[in-house]
Amino acid sequence: MYPVAFDYLEPRTLQEAVELLEKWGENASILAGGQSLIPLMKLRIARPRYLIDLNRIPGLSYIREQDGCVHIGALTRHVEIEESSVVREKIPIMQEAVRVLADGQVRNLGTIGGAIAQADPAGDWGPVILALNARIKCLGPKGGREMEAMDFFTFAYTTALQPDEVVTEIAIPAPSAPRLGTYVKLERVSGDFAIVSVAVQIDRDKDGICRDIGIGLGGADDRPIKAVPVEALLRGQKLSPKAIDIAARRIEEIASPISDLRGSQEYKKEVLKVIFRRALERVIERASPTTGGSR
Amino acid sequence: MEDRKTVEIGDKVRRRETQRFITGTGTFVDDVRLPGSLYVAFVRSPYAHARIQGIEVQPALSLPGVRAALTGKDLAPHLTSVRGGPKPGIKIYPLAIDKVRHVGEPLAAVVAETRYQAEDAAEAVIVDFDPLPPVIDPEKAMEASSPRLFEELDGNIVYELHFSTPDIDKVFKQADHVVSARLSSHRFTACPIEPRAYCAQFDPVSGFLTFWGTTAGAHGLRTRLAQMLGVAESKVRVIAPDIGGSFGVKNSGYQEEVVTAFIALKLGTPVKWAETRIEHLRTARQGRDQIHDIQAAVKNDGTIVAIKDKILADLGCSYGVDNSITSSALYVPGVYQIQHYQVDAYGIATNKAVHGSLRGIGKADASFIIERMVDIIARDLSMNPIEIRRKNFIPPEAFPYRNVTGALYDSGRYDLCLTRALELANYEKEKEEKKRLKEKGVYRGIGAVLVMEPTSSSRLYTTGGYATCRVRIEPSGTVSIFSSMGDQGQGHGTCLSQIVASRIGFPLDKIYEIRGDTLVTPFGFGTGSSRSSIVLMNAALVAANKLRQRLLKIASRNLRIPYDRLTIENGKILDRDNPNKSVELRDIVRMAYGAIYLVPEDEEPGLEVTGYFINPNIDYVADEMGRMNTFSAYPYAAIVAVVEVDIETGFIKIVKYCTVHDCGTVINPQIVETQHYGSVVQGIGGAMYEQILYDEEGQLLTSSLMDYKLPTAEEVPDIQLGHLVTPSPFTPLGAKGAGETGMLGPPPALASAIEDALSDFGVEVRSTPYTPEKILALIREAKKRGEVGQASGDRRKAPQTRRVQGA
């Protein structure tokens, strides 16, 4: 649990950070909250020659609402999302998810930008931002650019970021029916990465027809995935038990989980279907006028 | 002396160690900072099984800060003795020389000025390995064609135990039913919060070697170091400061101990090695991991007449064979009046870490196996599992009870204990609740078991025997208790002080415990097998009684009152018949040291006494039939567990965990209760979450806490604990040990509850752990069996391997 030697760099501006990244490229790692990177370095699995610490750069931690979007700075700690009134009001699914994200200590230091860039296939933010159609903003030597969350995750622990780019913000369109979202996670013990997880956010008209739906899956593939075919299947449909059942079977088909100590591929596929169905049932329950629609 | 009520045995005295630990002010080995200390790191095998062709240390030596590098070949000539392997003639070197037999086995050490440099240096050492085919599956390991771990042996069986009562086959032939099953436990480890750490300092002028170590047995370690390094035992001091838990894994000898000590001797500089969690998961002792093929001969009325068992115990690379097999083999009959028994047990060497002590070693397997088996018998005979237990329990009037393997059970009220647990759990109401929930589609189940834990083992030339306490009332009026046994977090100091205070009337805050330092404490064996309550606490009682007698005798002479009329109260020794006639305790202390002419001639001067206590009822050698008793006490616990199973995901929620335990006399209720809670939690971890997993190549898959899952507070249910007190008749205190019964409960209790919850499907739980994926697979299998059964017109829901005769 002792890392190899590295140089510690402390840029004071994002521009400076990008310059350092451009200079050291793949020999450098960015330190945000450090909740994945530091353990990996201590295990000597990660062996960066240069560690670029973003924590001295002001203005990277914020949660604000603007133009129908909630903008979250890359260095925003999980705990700040947990405690944010904007998130509670506009995107409560994020609060539901953050409460099962690791443990209190990790949430105090870990950041959303760092977690997304780490791109663990079983991480909690991946499915959530995929379900919400978030955009990831990043900065590189050629300037800033934006990516759809869907295009961001490319493989296990791998993203569409260039080696000289850094995530700066996650912009999340505020869902039109904030309450109609939920995050369901199966974990071996509390605070573990997901065996599988499902994030669902829906919108429906007064007749119960699904106007829109976002579905993100964790632990379902070599990366967090957006269940686009299932979203298409359910859009414009009434979310009847039969429709849910068909969709759940489709979820099982599109999933291609990795077998690991958290579960075999077969097990993960099977329970993914189960929790997907439960997630939908839960949001429908929330939407139902008989339950008063309160959480 | 102050007018204060002194404590009694059984009082809820606040655990004095707690504050130090929860405020982070304990002193652990890694907190020992010696000036100029160097740091050691070990080069370890990445292979499960390989021949070492060559080791090149030069690249490490050329790195900054590196002071030395040491291979097994460098070290060997300096060792005056080497540990014996599983059979005579096999030598196990502290740093592997020719061959490595598990991932993580140390083969070289490097020494550097900082721990970071040491790690870099360990990485730089180049080792040329010739990989050999690994031996992983214990059953395949027994085949003649299997590769061998030890070329000196003709196979991988390193230990055998065979025991049989006469005419067992005849008994089976005459039985109404024969029920058989294959049951198994999986490998896991203790994972104490503090991994191992060693620190050594050699003073060339005095020739004194001081060694700080995370050990449960400082004296044993001192002997080992002295023998291996050829140093006089008198010149070796081992200190075991605060220990952050052991649960058995710090009981054994480890290679790193002698290597660290040797480096300090050779370099004349203090050195330290502190284990990382990865090293710990790779090399610390691991436990359980047995396969039992068991058969029971049963009468129509449910009487269990005989048991036949065959045990395969995976001992890992078995550098030294532990006592797990004898403990499980001789205790499978458990708490039942089984008169006929046969066991054939085999200890098998495989390319895994060394098997060894883990809270409840061997005995946990025995109780799991027999409790599972009783449930299986009940099911096969369509009997109530609780009634079949009651029918077969050893009755209270039969104690002390000599069981079929020679074990002498001290005392027990099993039936009452189970009844109390059922009451505590509100069993009848739970059954109603289960039915009610079933209608809502909730699968709830209730399991009731009784586990028994032999404690305070003593074995020829290895462990146990006795414990010693030296107690001294100091001239200023404080009391020092020098304990022969270390502490690893149990709170010995609190209990020892309580016992001594109760006898000599000194207030608790004047009493101090000194332990874990071989220079000042009497010789003794390490803590483990819950033996401190039996031998150590009684040793303190013996010493305290001697001191009390001396105090009273001195007072008797000076008050001119017969000794037997005197008592100690409120800091005074006084005449029971005339309480006005008294003398202050502090004056007696002054006399004992300063005016020894006032001490009676037949009493020794001063106020220092030694008390020892020998484990009662131990047979060090077996009789002609192989019967023997190696434990002194037999505490037990009944458990009623209620679980809910999510039949779509396989997840298990423990709704209720009620247990009534009987550890005999309770010395300190707070310590007993907290021990029990911790023990149950560790048992839940072992039953459901914790697993040491190796792949086919012998690579450890669970080498960090990301993969080795420990239960968290979220997973742990509210544990309801009840006490039943049946003192041991063989010790003055009557305490039986409270550390392990808690851990034995969850594996059989949860299995029972899970099967009950899933009885519609006929699910059979035959092995630990109860992971969601396994439970789901069991449901699927059972459903399939059910369909097959229905198609073929079989009324039994779950036809499978075991056969049922008669009926």
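Quick caveat: nothing in here was measured; it's all calculated off a predicted structure. So that the names make sense, note that chain A is the first sequence line, chain B the second, and so on, each numbered from 1.
At a threshold of 4.5 Å between non-hydrogen side-chain atoms, the residues A:E270 and B:L776 count as touching.
The OG atom of B:S704 lies 9.5 Å from the CG atom of A:L40; values are rounded to the nearest 0.5 Å. The distance from atom CG of A:D192 to atom CD of B:E714, rounded to the nearest 0.5 Å, is 13.0 Å.
Residue contact with chain A, scored on non-hydrogen atoms closer than 4.5 Å, is absent for B:M688. Looking at B:L701, the atoms closer than 4.5 Å to chain A (heavy atoms on both sides) sit in the backbone and in the side chain alike. Of the two parts of B:E279, neither the backbone nor the side chain holds a non-hydrogen atom closer than 4.5 Å to a non-hydrogen atom of chain A. For a residue to count as touching a neighbouring chain, one of its non-hydrogen atoms must lie under 4.5 Å from one of that chain's; by this rule B:Y116 touches chain A with backbone and side chain alike. Of the atoms belonging to A:P39, not a single heavy atom falls under 4.5 Å from chain B. Heavy atoms closer than 4.5 Å to chain A are found in the backbone of B:L710, but not in its side chain. Both the backbone and the side chain of A:V4 come within contact range of chain B, judged by heavy atoms closer than 4.5 Å.
Shortest non-hydrogen contact noted between B:T649 and A:Y267 is O-OH, 2.5 Å. Scanning both residues, B:T712 and A:S190, for their nearest heavy atoms gives OG1-CB, 3.5 Å. Between B:D707 and A:R188, the closest heavy-atom pair is O-NH1, 3.8 Å. When every heavy atom of B:E119 is checked against every heavy atom of A:Y2, the shortest pair comes out as CG-CB, 3.7 Å.
Taking a cutoff of 4.0 Å between a charged side-chain nitrogen and a carboxylate oxygen, A:R278 and B:E648 qualify as a salt bridge. Salt bridge status for A:E266 with B:R780: absent, with no side-chain N to carboxylate O gap under 4.0 Å.
Residue A:Q105 qualifies as open at atom CD: its count of foreign heavy atoms under 6.0 Å is 12 or below. Under a cut-off of 6.0 angstrom, the local environment of CD1 in B:I193 is sparse, with at most 12 non-hydrogen atoms contributed by other residues, nucleotides or ligands.
Ranking B:Q691, B:R277, B:M706, B:Q117 against chain A, the residue ahead of the rest is B:M706, based on heavy-atom pairs under 4.5 Å. Highest contact tally toward chain B, considering only A:R44, A:R262, A:K42, is held by A:R44 [criterion: heavy-atom pairs under 4.5 Å]. By number of non-hydrogen pairs under 4.5 angstrom with chain B, the leading residue of A:I275, A:I195, A:V271 is A:V271.
A side-chain N or O of B:E773 and one of A:S264 form a donor-acceptor pair less than 3.5 Å apart.
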